[in-house]
Trainee: 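The structure under discussion is supplied below as structure tokens; questions concerning it will follow.
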Amino acid sequence: MGSHRRPAPSGLDRGARSATLCVLSAAAAALGVIPAGAEPAAPQEDARAEVDRLYAEAERATDAHNKADERADTLREKVTNAQDRIARQQDRINTMRDALGLLAGAEYRSGGLGPALALMFSDDPDDYLDKAAVLDRISARQAGALRALRSATRDLSQEREEATRHLAELEQSRAAVARHKHTVERNLARAQQLLGALPDDARATYDRTSRSGRVLDLGGAVPSSARAAAAVAAARSAVGRPYVWGGNGPTGFDCSGLMQWSYAQAGVGLPRTSQAQAYAGRQVPLSQAQPGDLVTYRDDASHIGMYMGDGQVIHAPHPGAPVRYDPVGMMPISSVTRP
């Protein structure tokens, strides 16, 4: 989870308190919640509550980061495709301009005399008339080529405008990725700092508490489909792998990354974020949950796990906690979705 080293207390009477109380006071003082003469239990509870808050906020920022990153990937593809189309269109325009230049040169070379005089002084009137008919056809072709060139030039201008717009959106998405990443890293580092400041037994208590929840007696011990069964098998194979912020497998996962990877092994494409995954299928009542269903938590759908049956889910909890089983009622449930 984080370093077990305990920071030295600052600004406290070292002779008046035990080392354990100093550590707790330092952790809780950073939160601004220690009243004078508080008992050790209160700072521990406040620290655990702050850790929960930081993890929840980090998960919201993680989903925002993943969404922005997914958007950036889409925009990069659009920009690349637009650049390819622009290059092809420019080549086409260059070819059309070359062809028009040849036509214009031929017309110029034949246009020294007016048609009537050219016919009068021609040694072979029949040959001239044949050439004149060809020139008429050339002029018609030239007019059509000019129209095609103007249309291609307009298309090229529109392609360039679209590419410029996508590039601007891509820069905004990149900035959003960096912003959300900073929020996540700051919150996770703070949470691990607070947990590292707690005594070993308090940390163990926090871990047990984070894994507890309502015991729900649900049915549906059989997956709803073959693809759900394949996703369940994939999620089970990931148990024990580390939580990796922004990870979507196979060596590490965040919560939505685990769901996306598990269903990908079943040939099903899920969106990247837990908010989008909550709508990636048919929503069912919690009482009808079956293995393979996605269980979304909190009102903002910032956390997600996969129902395994027997009142258990598999999920990627938070940094320092590997992919694991936990009670389905570990947090407030916002929806259950069957992909």
Trainee: For R227, look at atom CZ and say whether over 12 heavy atoms of other residues, nucleotides or ligands are found less than 6.0 Å away.
Mentor: no
Trainee: Holding to side chain to side chain donor-acceptor pair (under 3.5 Å), I want the full list of residues that pass it with R338, two or more places apart in sequence or in another chain.
Mentor: Q290, D293
Trainee: Measuring from atom CD of Q260 to atom CZ of R272, what distance do you get when rounded to the nearest 0.5 angstrom?
Mentor: 5.5 Å
Trainee: Just say parallel, tilted or perpendicular for the rings of H303 and H315, cut-offs at 30° and 60°.
Mentor: perpendicular
Trainee: So Q283 and S335, do their side chains get closer than 4.5 Å, heavy atoms only?
Mentor: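 When only atoms from C-beta onward are counted, Q283 and S335 do touch, with a gap below 4.5 Å.
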Trainee: Could you point out which residue of L294, V295, V232 forms a side-chain contact (heavy atoms from CB on, under 4.5 Å) with Y307?
Mentor: V295
Trainee: Name all residues meeting the ring-ring contact (aromatic ring centres under 6.0 Å, His included) criterion together with F253; count only those two or more places apart in sequence or in a different chain, and write none if there are none.
Mentor: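 In terms of ring-ring contact (aromatic ring centres under 6.0 Å, His included), with neighbours along the sequence ignored, F253 is linked to W261.
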Trainee: Heavy-atom distance under 4.5 Å between the side chains of L258 and I314, does that happen here?
Mentor: yes
Trainee: Using 0.5 Å steps for rounding, measure from the CG atom of D91 to the CD1 atom of I86.
Mentor: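 Here the rounded value is 12.0 Å.
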Trainee: Under the salt bridge (charged side-chain N to carboxylate O under 4.0 Å, His left out) test, which residues partner E162, sequence neighbours left out?
Mentor: none
Trainee: Between Y263 and P339, is there a donor-acceptor pair closer than 3.5 Å when you use the side chain of the first and the backbone of the second?
Mentor: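 Not at all, since once roles are kept as given, no pair shorter than 3.5 Å links the two residues.
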Trainee: Not counting sequence neighbours, which residues clear side-chain contact (heavy atoms from CB on, under 4.5 Å) with S334? List them please.
Mentor: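 T296, A301.
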Trainee: Can you hop from I304 to V244 via hydrophobic side chains spaced under 4.5 Å?
Mentor: no
Trainee: Please assess I333 against V328 for the test side-chain contact (heavy atoms from CB on, under 4.5 Å), listing each intermediate value before the final yes or no.
Mentor: CA-CA 8 Å; I333 296 171; V328 67; 4.1 Å; yes
Trainee: At their closest point, which heavy atom of A316 faces which heavy atom of V323, and how far apart are they?
Mentor: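 Heavy-atom minimum between the residues: CB-CG2, 4.1 Å.
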Trainee: Do R85 and Q90 pair up side chain to side chain, a donor and an acceptor below 3.5 Å, judged on atom types alone?
Mentor: no
Trainee: Got a donor-acceptor contact below 3.5 angstrom from the D310 side chain to the Q312 backbone?
Mentor: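 No; zero donor-acceptor contacts below 3.5 Å.
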Trainee: V222 versus P291: any side-chain heavy-atom pair under 4.5 Å?
Mentor: no
Trainee: Enumerate donor-acceptor pairs with a distance under 3.5 Å from any side-chain N or O in residues 236-243 to protein atoms, sequence neighbours excluded.
Mentor:
unit_1: S237; atom_1: OG; unit_2: A234; atom_2: O; d: 2.6
unit_1: R241; atom_1: NH1; unit_2: P250; atom_2: O; d: 2.6
unit_1: R241; atom_1: NH2; unit_2: S237; atom_2: O; d: 3.3

Trainee: Would you please name every residue forming a side chain to side chain donor-acceptor pair (under 3.5 Å) with Q277, sequence neighbours left out?
Mentor: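 Q277 satisfies side chain to side chain donor-acceptor pair (under 3.5 Å) with no residue once adjacent residues are dropped.
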Trainee: Rounded to the nearest 0.5 Å, how far apart are CH2 of W245 and SG of C255?
Mentor: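 Those atoms lie 13.0 Å apart.
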Trainee: For the residue pair M306 and A235, what are the closest heavy atoms and their distance?
Mentor: SD-CB, 3.9 Å
Trainee: Take atom CD in E77; do more than 12 heavy atoms of anything else shown fall under 6.0 Å from it?
Mentor: no
